[in-house]
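Here the structure is laid out as structure tokens; the discussion comes afterwards.
This one's a predicted model, so the numbers in the text were calculated from it and none came from an experiment. Numbers restart at 1 for each chain; the letters A, B, ... are given by sequence-line order, proteins then strands. Computed over heavy atoms, backbone and side chain alike; hydrogens, waters and symmetry mates excluded.
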Protein chains: 4
Amino acid sequence: MTEPQAATIPRKLPRQARAAATMEAILEGAAHILRRDGLGGFTTNHIAERAGVSIGSLYQYFPGKEAILAELIRRKRAALLGAFQTIAADEALDLPQAIDRLVAVGIDRQLADPVLSLALDYAEAALPLQAETRSLKVALIGTVAGLLARHGIADPAVAARDLIALARGMADLEGLYGEADGPSLGRRIRRAVFGYLGPGPFSSTPLPSGSLK
Amino acid sequence: MTEPQAATIPRKLPRQARAAATMEAILEGAAHILRRDGLGGFTTNHIAERAGVSIGSLYQYFPGKEAILAELIRRKRAALLGAFQTIAADEALDLPQAIDRLVAVGIDRQLADPVLSLALDYAEAALPLQAETRSLKVALIGTVAGLLARHGIADPAVAARDLIALARGMADLEGLYGEADGPSLGRRIRRAVFGYLGPGPFSSTPLPSGSLK
Amino acid sequence: MTEPQAATIPRKLPRQARAAATMEAILEGAAHILRRDGLGGFTTNHIAERAGVSIGSLYQYFPGKEAILAELIRRKRAALLGAFQTIAADEALDLPQAIDRLVAVGIDRQLADPVLSLALDYAEAALPLQAETRSLKVALIGTVAGLLARHGIADPAVAARDLIALARGMADLEGLYGEADGPSLGRRIRRAVFGYLGPGPFSSTPLPSGSLK
Amino acid sequence: MTEPQAATIPRKLPRQARAAATMEAILEGAAHILRRDGLGGFTTNHIAERAGVSIGSLYQYFPGKEAILAELIRRKRAALLGAFQTIAADEALDLPQAIDRLVAVGIDRQLADPVLSLALDYAEAALPLQAETRSLKVALIGTVAGLLARHGIADPAVAARDLIALARGMADLEGLYGEADGPSLGRRIRRAVFGYLGPGPFSSTPLPSGSLK
DNA sequence: AATGAATGAGCCTTCATTCAT
DNA sequence: CATGAATGAAGGCTCATTCAT
């Protein structure tokens with residue numbers, strides 16, 4: 001895809017409370033539109049109207065629609081990254097426990113807003129985003145990779161990417177068409193993840209034989 | 001997303017050879033545009049130009065861009081479904097062998113055209129497709145579910161959807177950012193799949209004890 | 001209105017029965033479309049489809065849509081003209097009797113197909129038609145004018161045009177919004193017509209003096 | 001005619017003076033186009049160009065060409081309605097005098113712009129207008145009907161519609177093909193109108209008995 | 001003669017973006 | 001800063017018409 005790289009950083013940082021509120025309104029409006037109309041209906045005019053802000057104001061805060069989308073992605077990734085980092089930094093957790101938590105966190109966000117999540121996931125994959133946004137993805141994978149490496153998993157970078165992709169793929173479909181049963185989905189994802197990682201000495205509490213069903 | 005359901009079936013069947021060629025040209029042009037410019041650049045004018053066909057001709061065969069997209073999805077799914085059915089019908093294969101083949105087939109198609117695949121996957125998930133197109137997805141899942149059921153897997157319908165989603169999630173990202181190493185990807189996907197399915201009597205090479213939960 | 005004068009005569013006279021049938025089918029299809037969709041939906045493609053004829057065939061018989069419209073107008077006027085001439089030629093009728101008949105004939109045609117009539121009336125007034133078609137209108141007015149002159153009406157040409165316009169105006173609206181009560185409409189039109197003509201020696205039942213002027 | 005009811009109300013009310021000027025320019029441009037090219041040439045692009053306004057601006061104020069047409073009709077009817085109400089409210093006038101004035105007012109407007117008037121009349125009759133626009137027509141008829149009722153005319157609603165239709169029919173044709181001699185046309189219309197109303201006690205110059213009815 | 005595939009000008013409309021107020 | 005009027009490129013789609021088969 002070769003669309004001309006667009007500016008994706010907010011134009012200016014709001015210094016006043018009112019300005020911050022305007023910016024939030026725009027982003028909330030954008031999320032609403034994306035959820036309701038998908039990427040096809042994601043237009044600056046609609047966003048401004050929904051946000052109760054003039055189109056001129058919108059362009060005071062964002063240089064274009066790509067920037068709004070990028071900011072939505074950035075925030076989503078940043079929140080996820082923070083949660084992941086906290087989990088990965090917790091030395092008290094063994095790998096299965098850490099993965100349980102990572103999966104649980106990821107599922108929560110996905111199921112809470114499946115359509116928006118799917119649209120942002122696609123946008124992130126398909127659109128040319130700025131380096132700064134991309135770096136969040138790298139950090140996300142890196143955090144998981146570090147955790148895996150610490151527990152002796154081979155090829156941790158590839159594994160981290162695979163596992164995130166796997167979980168996201170399952171969660172996307174469950175969100176859209178399934179019954180959005182988080183606990184059940186979590187169990188299924190963990191089975192796949194642990195299968196991927198293989199039987200190893202990484203677990204502090206080895207499970208007995210005898211399958212799950 | 002509540003876009004107002006668009007017509008997604010071709011407008012008329014070509015009666016002359018020339019007409020069939022035009023229709024193919026349009027579909028090829030559409031695939032090319034989708035690959036090169038993504039869903040954002042997927043416009044009827046671009047498609048017609050790329051196909052070397054007048055915009056009027058395009059509308060003789062398709063009532064709109066949605067219909068072209070739907071037809072691309074339909075063809076992709078139909079081809080995949082055919083391959084899956086052949087594999088699932090082969091009684092000589094045990095479950096691991098059958099899964100090996102399913103994964104291999106799926107990977108081939110995905111890696112051969114990653115950007116196109118991603119766009120079609122997103123379109124299929126996010127756009128409101130017609131019943132007929134959706135039925136192909138159902139058939140695809142059903143084929144895998146039948147295979148799983150025959151080998152004693154519990155909850156085969158959910159499992160089939162999960163496994164397809166899982167594999168597709170991994171393959172999408174590998175196609176976009178990875179090294180497109182099919183055999184390696186295949187091995188990783190299989191690990192996840194067998195982990196998901198759990199240790200069972202289905203395997204000719206039974207897994208050792210110590211699986212994870 | 002200065003639209004470029006278009007050809008309005010049928011391209012060729014059908015010599016075979018099949019050809020004549022095709023031409024009739026086209027004209028009937030055109031009337032149907034005009035009735036159902038108005039002048040805005042009057043397109044050659046729709047007409048051909050409705051007529052069950054290929055678009056190519058349509059252009060074998062008519063050089064363009066204007067010609068089809070013109071032919072519809074021509075036929076309508078010709079039929080009316082024939083009826084009018086018969087009435088005007090009947091020496092046995094006095095003026096009130098003749099007018100009764102003229103009005104009755106006009107009303108019948110208008111009420112039988114009000115939407116089509118209105119569209120044709122507008123087309124006749126607003127579109128640039130060919131001399132031959134226009135001449136039918138002249139003949140129609142002339143026929144009435146001759147009748148009026150024969151009974152001593154002053155300014156018969158203007159009167160004929162006025163009376164036709166008057167009756168058509170009333171009939172158009174009655175057709176669209178009224179109860180399409182022909183006899184009642186006829187009575188009302190005749191009151192207006194005789195009022196217009198004023199108390200004169202034309203009637204076999206002469207009116208008393210005291211005109212309205 | 002069953003065209004899919006289009007929006008016919010202006011999109012937004014102009015808040016700045018500049019905006020009001022733009023809206024007027026659009027309406028004037030639309031009137032010019034209608035006059036010059038008829039309904040067939042009545043396109044948004046032509047209107048915008050003629051108005052010296054971008055096509056985008058046109059769509060800021062009107063949701064489509066139907067809305068522009070509706071607004072032209074609305075204004076024309078509103079002006080006529082105002083004049084009619086003034087006349088009908090004047091208790092000093094007897095019926096013939098009031099009718100004289102109504103006819104004179106109607107003729108003035110029709111002859112001043114015959115092509116535009118004809119196009120608007122047809123549009124009003126043939127297009128599906130909004131309730132609000134239709135209500136102006138009802139008010140117009142109602143005003144005349146009230147006047148007639150006050151003077152003891154039977155069936156005043158039907159009579160009002162008939163008389164308006166009758167006058168409009170005559171004026172439309174006079175405007176297009178006649179010599180646009182207002183006074184003469186007025187006299188002729190009045191003859192028809194009084195003939196329609198019949199000899200009654202309404203006139204300050206009472207008619208003798210012996211009407212045709 | 002008949003067919004219907006093909007054409008492309010042109011219509012309607014949206015939308016990202018700018019700029020005067 | 002905010003507003004909203006204005007812009008025009010561009011996209012979706014139709015329709016009159018031609019022409020090879």
From CE of D:M23 across to P of F:dG4 the rounded distance in Å is 16 Å
Looking at E:dA6, F:dA2, F:dA6, which one has an atom nearest to any side-chain atom of B:T22? E:dA6
Does the E:dA16 base have a donor-acceptor partner in the side chain of A:N45 within less than 3.5 Å? yes
Heavy-atom nearest nucleotide on DNA chain F for C:G56 versus C:T44: which residue maps closer to 5'? C:T44
Is there a side-chain contact between D:I68 and D:Y61, using heavy atoms and a 4.5 Å cut-off? no
Checking F:dA2, F:dG4, E:dG4 against the side chain of C:I55 (C-beta onward), the nearest is E:dG4
Check the phosphate of F:dC13 against B:R11, side-chain N and O only, distance under 4.0 Å to OP1 or OP2. Yes or no? no
In whole angstroms, how far is the P atom of F:dG4 from the CD1 atom of A:I47? 18 Å
Correct closest heavy-atom pair for A:L27 and A:L72 would be O-CD2, 3.8 Å
Round to the nearest Å and state the distance from A:I68 atom CD1 to E:dT17 atom P. 9 Å
Hey, is the side chain of B:S57 poking within less than 4.0 Å of OP1 or OP2 on E:dA5, counting only N and O atoms? no
Expressed in angstrom and rounded to an integer, what is the separation of C:L58 atom CG from E:dG4 atom P? 14 Å
Distance col, row D:D121:CG vs D:I73:CD1, nearest 0.5 angstrom, shows 8.5 Å
Base-pairing assignment for E:dC11 (Watson-Crick or G-U wobble, both under 3.5 Å): F:dG12
Can you list everything that forms a side chain to side chain donor-acceptor pair (under 3.5 Å) with A:S117? Sequence neighbours excluded, please. A:K76
A:Y59 side-chain proximity, nearest of E:dT7, F:dA6, E:dT18: E:dT18
Checking contacts here: which listed nucleotide (E:dA2, F:dT18, F:dA2) is nearest the side-chain heavy atoms of A:Y61? F:dA2
Identify the heavy atoms of B:L120 and B:L69 that sit nearest to each other, and give their distance. CD2-CD1, 4.0 Å
Among the candidates F:dA5, E:dG8, E:dA6, find the nucleotide nearest to the side-chain atoms of D:A19. F:dA5
Base-pairing assignment for E:dT17 (Watson-Crick or G-U wobble, both under 3.5 Å): F:dA6
Report the distance from atom CD of C:E49 to atom P of F:dC15, rounded to the nearest whole Å. 11 Å
When all nucleic acid strands are considered with a 4.0 Å heavy-atom cut-off, which category describes A:F42: base, sugar-phosphate, or nothing? sugar-phosphate
Using the side-chain heavy atoms of A:Q60, tell me which of these nucleotides is nearest: E:dA5, F:dA2, F:dA6. F:dA2
Identify which nucleotide among E:dC12, E:dT17, F:dT17 has an atom closest to any side-chain atom of D:T43, counting heavy atoms from C-beta outward. E:dC12
Heavy-atom distance under 4.5 Å between the side chains of A:D37 and A:F42, does that happen here? no
Assign each of B:K65 and D:S54 to its nearest nucleotide of DNA chain F by heavy atoms, then name whichever residue's nucleotide is nearer the 5' end. D:S54
What is the distance from CZ of D:R18 to C1' of E:dT21, rounded to the nearest Å? 7 Å
Spacing between A:R50 atom CZ and E:dC15 atom P, to the nearest angstrom: 17 Å
Can you tell me the distance, in whole Å, between the CD1 atom of A:I26 and the P atom of E:dT17? 14 Å
